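Written below as C-alpha cells is the structure these notes are about.
Just so you know, these numbers come straight off a predicted model, no measurement behind them. Numbering of ligands and ligand atoms starts at 1, following listing order.
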Amino acid sequence: MNSQHFIELDETYSAHNYHPLDVVIERGDGVWVYDVDGKKYLDCLSAYSAVNQGHCHPAIRDAAVAQMNKITLTSRAFRNDQMGPFLQELCDYAGYEMALPMNTGAEAVETAVKAARKWGYQTKGVPDNQAEIIVCQGNFHGRTTTIISFTSEPAYRKDFGPYTPGFVIIPYGDAAALEAAITPNTVAFMVEPIQGEGGVVTPPDGYLHEAANICAKHNVLFIADEIQTGLGRTGRLFACEHEGVRPDVMILGKALSGGFYPVSAVLSDAPVLGLFQPGDHGSTFGGNPLGAAIGRAALQVIKNEDLVSRSRELGAYFKGRLERIESEHIKEIRGKGLFIGVELKVPARRFAEALRDRGILCKETHKTVLRFAPPLVITKEEIDWAADHIEVVLMMD
Ligand SMILES: *Cc1c(COP(=O)(O)O)cnc(C)c1O
C-alpha cells in the first residue's frame, strides 16, 4: 500500500481539522520514523514534545505491555496499585506535595482552572462567580470550549462561541501589564514559560521571576503550563527553573507518557489540590493503572538517561549550528535546550516540505516559524546530519 492510499482515506473519512505534511508513518524507533514506503526520517517535532524519550522507547514499551497483561482500567471507583506510586514518584521528582492525574493536556489545564477558582472562592475569599484568571496573548493551552474562550488566535475561536467568561488577556513577556491587570478577584496567572505553539516565543530574561513575585505579592496563583516545555525539553526539568521559579501550580502532559498513551497531571501543594472533595472533579481514565505504569517508566527514562542534561548540551550545540547558517530567509533563532524556533521572513511551509523530502520532519508553526524539537535521545552526529540538510534547504531561493 503506498502513501497516496492512506492520504485519500484521511481526506475522505477524517474531519479536516489538521493540515498535515503528507508523510504516512508506519513505525518509529528513537529519533527515527519510517513511512509506509520504507523511507526513513529524523523526527524533529517529537509529536509536539510528547516523545522526548524517543519513539517506542523499549523500557516504556515493556512497562506498558507488562501492565496490559495485568489490568488496564479500574476507574477511580476503586483503587489500583500503580496510581499512588506514580504520583509519589512524580511529586518527588517535581517537588510538589500532591497531584491530580488526567489524560490529555487540555483536561489538565481545565483541572488547573477549576483548582484555581476553587482556591479563589474557598481560601482567597473572592465573591461567588467573580474569579478572574489572567492569561497571555499568543497562548496555547488546548482546544476545549473554555480554553478557546481565552485564546487570542481567531482561528481557534471563530464560530465556537458563546465563550466562557472569567479570563483576561495581557501581552506576553510584560510583567508590568500583569501587575496592572490584577484585581481583588484575580485568582491566577496562567502562562507558558516559552510559548510553543505561539512560535517558540521566549519572554525577556527575568520575566517569569518577576511575574512569580508579582503573583506572590498579590496572593495570586502562578500556574505554569509546562505541557510542552516540561520534562527536559528546554534543558532543565522544567522551563521555569531557568529563572529559579517554582510555580504554585504546574501542568504536565505530553512527555509524561513518552508518547505511549495520554497521561497528564496537575501538580501543586495541599492548600490548592487539597481543596478537592469527592465528586468535584474526575475522569474515567485519569489515574488508570496502564497510564500510571507508563508514566512511571517514562519518568524513569528521563532520569536514567539524563535527558535533561542531554537537552541542555545538545540543544546549545544544535542552536549553534543553526546560527552559523547564513540564509537571507532567517529572521531570528530562539529557544532553549532542544526547543528551537527558526523564524523566517517568509512562509515556512515549503521549507518544511523540502526538509521532508530530504528525510527530516518538522512542521511550520505560526506560518513563518520552523520548530526543531527532536527527541532528547538524539546524538551529536544526528544533529550534524540534520543541520547540514537544514542549511542546504534554507539556502534555497
Ligand atoms: C499540547 C499543549 C496543550 C494541550 O495538550 P493536549 O494533550 O493536546 O490536550 C496545552 N498546553 C500546551 C502548552 C501544549 O503545548
Side-chain angles (χ1 to χ4, degrees), residues 15 17-18 20 44-52 100-116 133 135-153 155-157 160 164 167 169 172-173 188-203 208 222-234 236-240 242 247 249-267 283 285-286 288 291 294-295 298 335-341 362-366 369 371-373 375:
N17 57 328
Y18 277 90
C44 276
L45 181 66
S46 309
Y48 303 97
S49 298
V51 285
N52 287 357
L100 199 162
M102 296 296 283
N103 311 287
T104 65
E107 283 174 298
V109 170
E110 290 270 354
T111 302
V113 166
K114 286 172 75 173
I133 294 176
V135 298
C136 290
Q137 240 145 35
N139 75 68
F140 182 83
H141 297 288
R143 305 293 205 147
T144 65
T145 41
T146 284
I147 295 172
I148 58 100
S149 296
F150 56 85
T151 178
S152 55
E153 173 62 46
Y156 298 165
R157 277 171 71 90
F160 296 127
T164 308
F167 299 94
I169 303 179
Y172 186 57
F189 171 54
M190 181 160 67
V191 66
E192 298 156 89
I194 294 177
Q195 290 184 331
E197 296 317 294
V200 194
V201 180
T202 49
L208 298 171
F222 182 95
I223 304 177
D225 179 348
E226 293 242 19
I227 291 171
Q228 189 159 161
T229 52
L231 301 172
R233 174 49 60 190
T234 71
R236 299 277 181 157
L237 183 58
F238 302 116
C240 284
H242 287 286
V249 178
M250 166 83 79
I251 312 173
L252 298 178
K254 295 201 165 112
L256 194 49
S257 70
F260 275 77
Y261 191 88
V263 179
S264 66
V266 175
L267 284 75
S283 154
F285 280 82
N288 75 74
I294 287 170
K336 292 192 163 95
L338 280 166
F339 198 42
I340 304 170
C362 68
K363 183 75 163 55
E364 80 280 4
T365 168
H366 265 248
V369 181
R371 169 173 34 196
F372 294 103

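Scanning for salt bridge (Lys or Arg N to Asp or Glu O under 4.0 Å) contacts around Glu364 gives Arg349, with sequence neighbours left out.
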Run through all N or O atoms in ligand 1 and write down each protein N or O closer than 3.5 Å, as a pair with its distance.
{"unit_1": "ligand 1", "atom_1": "7 (O)", "unit_2": "Gly105", "atom_2": "N", "d": "2.8"}
{"unit_1": "ligand 1", "atom_1": "9 (O)", "unit_2": "Gly105", "atom_2": "N", "d": "3.3"}
{"unit_1": "ligand 1", "atom_1": "9 (O)", "unit_2": "Ala106", "atom_2": "N", "d": "2.8"}
{"unit_1": "ligand 1", "atom_1": "11 (N)", "unit_2": "Phe140", "atom_2": "O", "d": "3.3"}
{"unit_1": "ligand 1", "atom_1": "11 (N)", "unit_2": "Asp225", "atom_2": "OD1", "d": "3.4"}
{"unit_1": "ligand 1", "atom_1": "11 (N)", "unit_2": "Asp225", "atom_2": "OD2", "d": "2.7"}
{"unit_1": "ligand 1", "atom_1": "15 (O)", "unit_2": "Gln228", "atom_2": "NE2", "d": "2.7"}
{"unit_1": "ligand 1", "atom_1": "15 (O)", "unit_2": "Lys254", "atom_2": "NZ", "d": "2.6"}

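Annotation: the span from Ile227 atom CD1 to Tyr48 atom OH amounts to 14.5 Å, rounded to 0.5 Å. For the atom pair Arg233 CZ and Leu338 CG, the distance stands at 6.0 Å (nearest 0.5 Å).
Looking only at side-chain heavy atoms (C-beta outward), Met190 and Ile251 come within less than 4.5 Å of each other.
The number of heavy atoms from other shown groups lying within 6.0 Å of OH (Tyr172) is above 12.
Using a 4.0 Å cut-off between charged side-chain N and carboxylate O, Glu197 and Arg371 make a salt bridge.
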